[in-house]
Amino acid sequence: MLYQLYEAQRSLMEPFSDFAQAASKLYGQGAVWGQLPMAQRMAAGYDLLYRLGKDYEKPEFNIKSVKVEGEDVVIQEAVELDKPFCELRRFKRFTDEPHILKTLKSQPVVLIVAPLSGHYATLLRDTVRTMLQDHKVYITDWKNARLVPMSEGEFHLDDYINYVQEFIRRLQAEYGNCHVVSVCQPTVPVLAAVSLMASRGEPLPLTMTMMGGPIDARKSPTAVNNLAMNKSFEWFENNVIYRVPQGFPGEGRRVYPGFLQHTGFVAMNPDRHASSHYDYFKDLIKGDDASAEAHRKFYDEYNAVLDMDADYYLDTIRTVFQEFELVNGTWDVKNPKGQIERVRPQDIHSTALLTVEGELDDISGSGQTEAAHSLCTGIADSQREHYEVKGAGHYGIFSGRRWRELVYPKVQKFIAAHDQPQRRAGARESLPAEDRIKPGRNTAAAAARKNVAARKAVAAAPAKKPAARRK
């Protein structure tokens, strides 16, 4: 019933929010009432009301280009694989410069596993943008559960793990190998996914980079950990799980609603958020457009939350924060064939491991991510590293100045040190974006490649032998 009440309240507030936006423009500089006394304060006040009452949609990655060796490389998003609850999103890179093209072709392939813990994958926009300078990048773009029809079935933590394995195999089939970076919540299912692949004897990712995740939530527990550990499983099931109301594709699906998650986020630091909104109001009055725009960008992302499928959320609470099945060695996962498999991190041998923690992380406490090293006993000491980022909070290890200046150089160097030449088993004739020039440009390089390919095809044709007859 709470979800229905929230939707009714949101629908009621929508016209008032639209009015506040219009009034802000009327009192804005150069507008009809912009010259009236107190007009700037009125405009700022209405703008703040609009932002407090508006509905925040899923943001865009909006990465149009990046610099590679000082040259602009065009970025185009594409969905590589569309699953019921997730899209494997690829960031294709295009260039006309032959020397840049050669660099792009040789760079490592990275799968970034984004959190499914409230915010959209766009929270890792800075992570993606930075890594695109030196890597071919894919990311898990999780879907809002209220938009997934009931006909698509349930989604459990086991399904999350199976998705990750499928995505890894997809990149291995395309390139021969890949690297995996997991941020926050997915460090646990990623470690499980790679462990299961190792136990089966499958090819593994070359590296795993785990950043700020609750591998062992018993270490230095934070407020988030304490809530999950001190409340019973039944409490979560009875107090935070609701059904999606009418009007959405996922009508009837049991979810942990995004608006409840957002309330929890704000409740962790209410004074900080109140101060931030007041500073925004003052910046509008002063005409500090840069600071006001920075506020908008942050809260456009922070306030955009998705519904999580109830089965997945409750599985995570029980497995990660209450029974600690990963660290206790008691975690069993159901594969797509319905078979039960035990998660054994000690079976991982050929994958290098890098863990990253923020000194001031208030989401995943000190030592929680580093605990992965004590579980992965099969990885040689020369293949593992741990890095604590001084002065960094949770978001600072994957976004912002500390990520770009301190963390990323470590991650980039670690991946490069353990990379291998890419090979495509059963390669397709159509090359990936990094192996093509930007479409629509008839350059001499493109023509030369076509001529060389044609000559090779003609030269190879007479050399073919007829198939041997069966005796």
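We number each residue from 1, following the sequence as shown. As a basis for the values below, the full set of heavy atoms in this structure was taken, side chains included, without hydrogen atoms, waters or symmetry mates.
Interatomic distance, Glu325 CD to Arg318 CZ, rounded to the nearest 0.5 Å: 6.5 Å. With values rounded to the nearest 0.5 angstrom, Leu191 atom CG is found 8.0 Å from Trp331 atom CH2. A distance of 9.0 Å separates OG1 of Thr355 from CE of Met210, quoted to the nearest 0.5 Å. In this structure, OG1 on Thr319 lies 11.0 Å from NE2 on His156, to the nearest 0.5 angstrom. We find the CG-CZ distance between Leu49 and Phe19 to be 10.0 Å, quoted to the nearest 0.5 Å. Leu132 contributes atom CG, which lies 10.5 Å from atom OG1 of Thr127 (distance to the nearest 0.5 angstrom).
In this model, a donor atom of one side chain and an acceptor atom of the other lie less than 3.5 Å apart for Thr103 and Glu69. Between the side chains of Tyr160 and Asp315, no donor-acceptor pair of N or O atoms lies under 3.5 Å. In this structure, a donor-acceptor pair under 3.5 Å is present between the side chains of Arg146 and Tyr3.
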Determine, step by step, whether Glu166 and Arg169 satisfy the salt bridge (Lys or Arg N to Asp or Glu O under 4.0 Å) criterion, reporting the C-alpha distance in whole Å, the side-chain angles of both residues, the deciding distance to 0.1 Å, and the verdict. CA-CA 5 Å; Glu166 182 176 354; Arg169 295 188 194 106; over 6 Å; no
Could you please spell out the steps behind the side-chain contact (heavy atoms from CB on, under 4.5 Å) verdict for Val327 and Arg218? CA-CA 10 Å; Val327 291; Arg218 300 172 301 181; 3.6 Å; yes
Begin from the C-alpha positions of His179 and Asp419 and carry the test side chain to side chain donor-acceptor pair (under 3.5 Å) through to its verdict. CA-CA 8 Å; His179 304 261; Asp419 194 38; 2.8 Å; yes
Does the pair Lys143 and Asp82 meet the rule for a salt bridge (Lys or Arg N to Asp or Glu O under 4.0 Å), with working shown? CA-CA 10 Å; Lys143 297 181 182 180; Asp82 190 359; 2.7 Å; yes
Step by step, would you call Glu174 with Arg90 a side-chain contact (heavy atoms from CB on, under 4.5 Å)? CA-CA 13 Å; Glu174 179 71 38; Arg90 178 185 183 183; 5.8 Å; no
Asp300 vs Lys297, test: salt bridge (Lys or Arg N to Asp or Glu O under 4.0 Å). Steps then yes/no. CA-CA 5 Å; Asp300 282 348; Lys297 286 183 177 180; over 6 Å; no
Pair Leu123, Tyr395 - check side-chain contact (heavy atoms from CB on, under 4.5 Å), show working. CA-CA 9 Å; Leu123 190 68; Tyr395 294 99; 3.8 Å; yes
Start with the C-alpha gap between Met38 and Leu36, add the side-chain angles, then the distance that decides, and say whether side-chain contact (heavy atoms from CB on, under 4.5 Å) holds. CA-CA 6 Å; Met38 304 291 288; Leu36 295 177; over 6 Å; no
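Proximity of a side-chain donor or acceptor of Arg253 to a complementary backbone N or O of Leu147 within less than 3.5 Å is not detected. Judged by distance alone, with hydrogens and angles left aside, the side-chain atoms of Glu293 form no donor-acceptor pair with the main-chain N or O of Ala290 at under 3.5 Å. Judged by distance alone, the side chain of Glu357 and the main-chain N or O of Gly367 form a donor-acceptor pair under 3.5 Å. Using a distance-only test at 3.5 Å, with no hydrogens or angles considered, no donor-acceptor pair links the side chain of Asp307 to the main chain of Asn144. One N or O on the side chain of Thr316 and one on the backbone of Tyr312 form a donor-acceptor pair closer than 3.5 Å.
Of all heavy-atom pairs between Arg243 and Gly252, the closest is NH1-O, 2.6 Å. In terms of heavy atoms, Val68 sits closest to Ile100 at O-CD1, 3.4 Å. Between Glu60 and Thr122, the shortest heavy-atom distance links the atoms C-CG2, 3.8 Å.
Results of the ring-ring contact (aromatic ring centres under 6.0 Å, His included) test with His119 over Phe298, Tyr56, Tyr302 single out Tyr302 as the only residue that passes. Just one of Leu124, Val407, Val128 meets the side chain to side chain contact (heavy atoms under 4.5 Å, CB included) condition when paired with Phe398; it is Leu124. With Asp141 as the partner, the salt bridge (charged side-chain N to carboxylate O under 4.0 Å, His left out) test is satisfied by one option alone out of Lys58, Lys83, Arg125: Lys58.
The shortest distance between side-chain heavy atoms of Ile112 and Tyr138 does not fall below 4.5 Å. Pro214 places a side-chain heavy atom less than 4.5 Å from the side chain of Val188. At least one side-chain heavy atom of Asp134 sits less than 4.5 Å from a side-chain heavy atom of Tyr408. Using a 4.5 Å heavy-atom threshold, the side chains of Asn303 and His262 count as touching. The closest side-chain heavy-atom distance from Gln9 to Leu12 is not below 4.5 Å. Here the side chains of Arg254 and Glu154 are not in contact, with every heavy-atom distance at 4.5 Å or above. The shortest side-chain heavy-atom distance between Lys390 and Arg402 does not fall under the 4.5 Å cut-off. Counting heavy atoms from C-beta outward, Ser276 and His295 have side chains that approach closer than 4.5 Å.
Figure legend: Arg51 and Tyr299 shown without cation-pi pairing, the cationic atom not lying both under 6.0 angstrom from the six-membered ring centre and within 45 degrees of its axis.
Here side-chain hydrogen bond (donor to acceptor under 3.5 Å, both in side chains) pairs that include residues 219-228, with residues two or more places apart or in two chains, are Thr222-Asn225, Asn225-Gln368.
Phe414 has its ring centre less than 6.0 Å from the ring centre of His418.
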Residues 39-47 side chain polar contacts: donor-acceptor under 3.5 Å, at least two apart:
from  : atom 1 : to     : atom 2 : distance (Å)
Gln40 : NE2    : Ile285 : O      : 2.8
Asp47 : OD1    : Tyr280 : OH     : 2.4

